[in-house]
Amino acid sequence: MGRLAILSILTLGVMACTKTLVSTTVTPAPQAGTEGAAVAMLGTGTAGASSGRDAITAFLTAAKAQNLRGMSAVWGTNQGPAVTHLKADEVEKRLIIMQCMVTHDQWAFAEERARLVMGGRQEYLVRLRLRETTVQTTFTAIEGPGGRWYVETIDLAPLRDLCR
């Protein structure tokens with residue numbers, strides 16, 4: 001997906017998202033938690049998670065806590081975390097939009113295993129609930145350097161109902 005397409009998607013997300021961000025303070029990444037999410041802080045030299053499923057778990061845990069640093073530790077590509085190949089202010093803007101779009105009270109994997117495994121990517125169907133609204137969307141995880149996994153993409157279109 002080209003940069004212009006990504007920026008267009010993010011712009012739509014900003015227009016759809018009317019929530020007030022409580023805090024953009026970058027705090028330490030979340031520690032290992034549910035389902036064994038093993039997210040290391042970027043400052044320690046190891047980013048990513050031990051599996052695609054763990055990357056998504058860590059990303060959503062950090063998003064709920066409004067922890068941009070935790071989100072950035074597991075958001076990236078096959079080249080590694082996005083913070084290593086994008087400008088810091090661009091990463092922060094994108095993470096704020098994603099944090100708003102994935103705001104939730106509860107979430108769960110809708111299926112036990114990845115829906116699709118192709119080209120080093122794993123696609124997971126995730127169910128998010130905010131108050132009485134429940135939506136499903138797909139998260140795509142990709143393996144990066146050192147066997148670490150990152151959230152590469154999120155289908156934001158189904159999440160518009162959560163971000164109002």
Let me check something: any side-chain donor-acceptor pairs from residues 133-144 under 3.5 Å, sequence neighbours excluded? List them with distances.
from   : atom 1 : to     : atom 2 : distance (Å)
Gln136 : OE1    : Arg127 : NE     : 3.3
Gln136 : OE1    : Arg127 : NH2    : 3.1
Thr137 : OG1    : Asp155 : O      : 2.4
Thr140 : OG1    : Thr153 : OG1    : 3.2

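- With contacts defined as side-chain heavy-atom distances shorter than 4.5 Å, the pair Pro81/Tyr150 qualifies.
- In this view, Gln106 and Arg129 satisfy the side chain to side chain donor-acceptor pair (under 3.5 Å) rule, not counting sequence neighbours.
- Contact of the Ser72 side chain with the Glu92 side chain is not registered, since no non-hydrogen atoms from C-beta on lie closer than 4.5 Å.
- Put simply, Phe59 and Met101 are part of the same group of oily side chains (I, L, V, M, F, W, Y) that touch within less than 4.5 Å, one to the next.
- Residues Arg94 and Trp75 form a side-chain contact, since some pair of their non-hydrogen atoms from C-beta on lies under 4.5 Å apart.
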Tell me which donor-acceptor pairs under 3.5 Å the side chains of residues 113-126 have, and how far apart each pair is, sequence neighbours excluded?
from   : atom 1 : to     : atom 2 : distance (Å)
Arg121 : NE     : Glu152 : OE1    : 2.7
Arg121 : NH2    : Glu152 : OE2    : 3.1
Gln122 : OE1    : Tyr124 : OH     : 2.8

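- Both Val74 and Ile56 belong to a single network of hydrophobic side chains, linked directly or stepwise wherever heavy atoms of I, L, V, M, F, W or Y lie under 4.5 Å apart.
- Contact detail for Ile154 and Val151: the closest heavy-atom pair is CG1-CG1, 4.0 Å.
- Smallest separation of non-hydrogen atoms from Ala47 and Ala73: CB-O, 3.4 Å.
- Cluster annotation: Leu95 is not connected to Trp149 through the hydrophobic network of ILVMFWY side chains, with a link wherever side-chain heavy atoms come within less than 4.5 Å.
- Looking at Thr61, its side chain does come within 3.5 Å of a backbone N or O of Thr57 through a donor-acceptor pair.
- Hydrophobic cluster membership is shared by Leu68 and Leu60, with clusters built from Ile, Leu, Val, Met, Phe, Trp and Tyr side chains linked at under 4.5 angstrom.
- Applying the salt bridge (charged side-chain N to carboxylate O under 4.0 Å, His left out) test to every pair with at least one member in residues 74-85, sequence neighbours left out, gives no pairs at all.
- Thr77 pairs by the side-chain contact (heavy atoms from CB on, under 4.5 Å) definition with Gln79, His85, not counting sequence neighbours.
- For the residue pair Ser50 and Asp54, the shortest heavy atom distance occurs at OG-OD2, 2.9 Å.
- Without hydrogens or angle criteria, Lys64 side chain to Asp105 main chain gives a donor-acceptor distance under 3.5 Å.
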